[in-house]
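Below you'll find the structure, written out as structure tokens, and then a few comments.
Letters go in sequence order (proteins before strands), and every chain restarts at 1.
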Amino acid sequence: MELGDVHSFDLTPAEAIRLQEALRARVRLSGDIGEISLVAGADASYEKGSDEIHAVVVALGYPDLTVVERVSASTETSFPYIPGLLTFREGPALIEAFRRLRSEPDVVFFDGQGIAHPRGLGIASHMGILLDRPTVGVAKSLLSGTATEPGPGMGSTAPILRDGETIGMTVRTKEKTKPVYVSVGHRITLSTAVDLVLATSRGYRLPEPTRQAHLFANTVRREGSGEGRQTTLLSGGG
DNA sequence: GCGACAG
DNA sequence: ATCTTGTCGC
């Protein structure tokens with residue numbers, strides 16, 4: 001994908017927070033996505049003691065969810081994991097992975113929050129601005145706000161509230177399984193985001209874009225598919 | 001001051 | 001996120 005100007009990631013935590021406060025104004029909570037034919041999932045993995053991050057992006061056809069492309073990028077990081085500043089740890093590697101992506105996904109799912117973040121700029125929102133593309137945050141746990149419990153059935157949802165505002169939705173993607181926390185990343189409505197998460201869920205807690213990215217990120221870390229600049233294009237089949 | 005705290 | 005084997009529930 002073509003990326004526009006990307007700001008520096010060589011920042012201190014205090015500078016990172018100031019940047020988030022400045023960028024939050026650029027997040028768009030609405031948008032007409034039109035016909036969707038391609039979705040993507042982005043994720044990262046790393047080893048316990050290492051500072052090497054393995055980021056991946058997996059593109060899938062929609063609504064069939066067939067994987068059409070997988071790319072990865074492995075980079076060194078010095079920024080530690082700090083709740084609320086995840087983008088500054090995983091962002092550089094993810095950006096490189098997106099640069100290697102040939103596909104042009106209509107929407108991208110990220111592992112983490114969108115606007116359901118202390119400063120309204122979780123990794124899905126931040127990356128959405130840099131990519132200028134619709135994005136959705138699909139987190140496995142809550143970072144900000146109060147989550148209400150959805151019903152036990154697949155497809156049930158309930159709001160994530162903060163100061164009386166709905167900042168996201170808990171979504172039951174699998175019956176009797178802990179819900180995922182969905183919030184708008186950028187250029188999409190919460191309603192559409194939730195619909196897409198459910199439309200891409202196939203019997204697992206994580207929707208396919210996110211699940212496939214998760215699996216591939218682990219493969220890259222263990223077997224190394226990204227030592228350099230490798231892009232894997234698939235023609236069909238899983 | 002204390003607790004909470006995406007991945 | 002990662003380190004790890006078996007185990008309990010659907």
Side-chain angles (χ1 to χ4, degrees), chain A residues 9 13 16-17 20 23-24 27 41-58 72-95 97 108-129 135-147 151-154 160-163 167-186 193 197 201-207 209-224 226:
Chain A
F9 272 88
I17 287 174
Q20 289 182 325
L23 289 179
R24 69 180 301 178
V27 175
D43 190 26
S45 80
Y46 20 85
E47 295 177 13
K48 189 177 66 173
S50 173
D51 273 335
E52 184 170 37
I53 302 231
H54 306 284
V56 310
V57 181
V58 177
S72 67
S74 300
T75 68
E76 291 287 319
T77 311
S78 55
F79 205 97
Y81 167 66
I82 298 173
L85 298 180
L86 177 65
T87 308
F88 297 89
R89 177 167 172 72
E90 302 188 348
L94 285 169
I95 287 169
V108 184
F109 286 13
F110 284 85
D111 240 53
Q113 319 293 340
I115 64 168
H117 173 279
R119 289 168 292 282
L121 200 81
I123 193 166
S125 298
H126 195 145
M127 290 298 297
I129 288 173
T135 61
V136 176
V138 182
K140 296 183 293 302
S141 61
L142 198 62
L143 172 64
S144 181
T146 302
M154 143 73 147
I160 295 173
L161 306 168
R162 186 176 64 201
D163 301 324
I167 58 175
M169 295 286 269
T170 54
V171 180
R172 192 84 68 188
T173 48
K174 183 178 197 279
E175 190 176 86
K176 298 176 192 171
T177 296
K178 180 181 182 181
V180 291
Y181 303 80
V182 178
S183 59
V184 167
H186 184 52
V197 166
S201 291
R202 291 279 195 289
Y204 294 89
R205 182 185 178 215
L206 298 181
T210 297
R211 196 175 80 88
Q212 290 299 330
H214 231 72
L215 292 172
F216 186 51
N218 283 324
T219 295
V220 169
R221 173 169 56 80
R222 296 172 337 214
E223 301 173 24

Closest to the [X] side chain, choosing from [options]:
{"X": "A:K176", "options": "C:dC10, C:dT2, B:dG7", "result": "C:dC10"}
{"X": "A:A139", "options": "B:dG7, B:dC5, C:dC10", "result": "B:dG7"}
{"X": "A:D43", "options": "C:dC3, B:dG7, B:dA6", "result": "B:dG7"}
{"X": "A:N218", "options": "B:dA6, B:dG7, C:dT2", "result": "C:dT2"}
{"X": "A:R89", "options": "B:dG7, B:dA6, C:dT2", "result": "B:dG7"}

Rounded to the nearest Å, what distance is computed from the [atom1] atom of residue [X] to the [atom2] atom of nucleotide [N]?
{"X": "A:F79", "N": "B:dA6", "atom1": "CZ", "atom2": "P", "result": "15 Å"}
{"X": "A:L143", "N": "B:dA4", "atom1": "CG", "atom2": "P", "result": "14 Å"}
{"X": "A:D51", "N": "B:dG7", "atom1": "CG", "atom2": "C1'", "result": "14 Å"}
{"X": "A:E90", "N": "C:dT2", "atom1": "CD", "atom2": "P", "result": "10 Å"}
{"X": "A:L206", "N": "B:dG7", "atom1": "CG", "atom2": "P", "result": "10 Å"}
{"X": "A:I82", "N": "C:dA1", "atom1": "CD1", "atom2": "P", "result": "18 Å"}
{"X": "A:H117", "N": "B:dA6", "atom1": "NE2", "atom2": "C1'", "result": "8 Å"}
{"X": "A:Q113", "N": "B:dC5", "atom1": "CD", "atom2": "C1'", "result": "11 Å"}

Query raised in the report: Which range-with-range stems can be found for DNA chain B when each stem has 3 or more Watson-Crick or G-U pairs in a row and both distances sit under 3.5 Å?
Result: none
Query raised in the report: Are A:S141 and B:dG7 close enough that a side-chain N or O sits under 4.0 Å from OP1 or OP2?
Result: yes
Query - Short side-chain N/O contact to C:dA1 OP1/OP2 from A:K140, under 4.0 Å - result: yes
Query raised in the report: Checking A:R211 against A:Y204: charged group under 6.0 Å from the ring centre and within 45 degrees of the axis?
Result: yes
Taking atom types as modelled and ignoring hydrogens, do the side chains of [X] and [Y] form a donor-acceptor contact shorter than 3.5 angstrom?
{"X": "A:R162", "Y": "A:T146", "result": "no"}
{"X": "A:S74", "Y": "A:H54", "result": "yes"}
{"X": "A:Y46", "Y": "A:E90", "result": "yes"}

So what does [X] touch, heavy atoms closer than 4.0 Å: a base, only the sugar-phosphate, or nothing?
{"X": "A:I123", "value": "base"}
{"X": "A:G84", "value": "base"}
{"X": "A:R222", "value": "nothing"}
{"X": "A:H214", "value": "sugar-phosphate"}
{"X": "A:L85", "value": "base"}

Report task. Grab the two heavy atoms, one from A:P92 and one from A:T87, that are nearest each other, plus how far apart they are. Result -> CD-O, 4.0 Å
Query - Mutual orientation of the aromatic rings belonging to A:F88 and A:H126 [parallel < 30°, tilted 30-60°, perpendicular > 60°] - result: perpendicular
Query raised in the report: Would you find a donor on one side and an acceptor on the other, under 3.5 Å apart, between the side chain of A:S183 and the backbone of A:Q113?
Result: no
**Report entry** A:R119 side-chain N/O to A:R24 backbone N/O, donor-acceptor pair under 3.5 Å
**Finding:** no
Query raised in the report: Can A:Y81 be called stacked on B:dG7 when the rule is centres closer than 5.5 Å and an angle between planes below 30°?
Result: yes
Query raised in the report: So which one's nearest nucleotide on DNA chain C is more toward 5', A:E175 or A:K48?
Result: A:K48
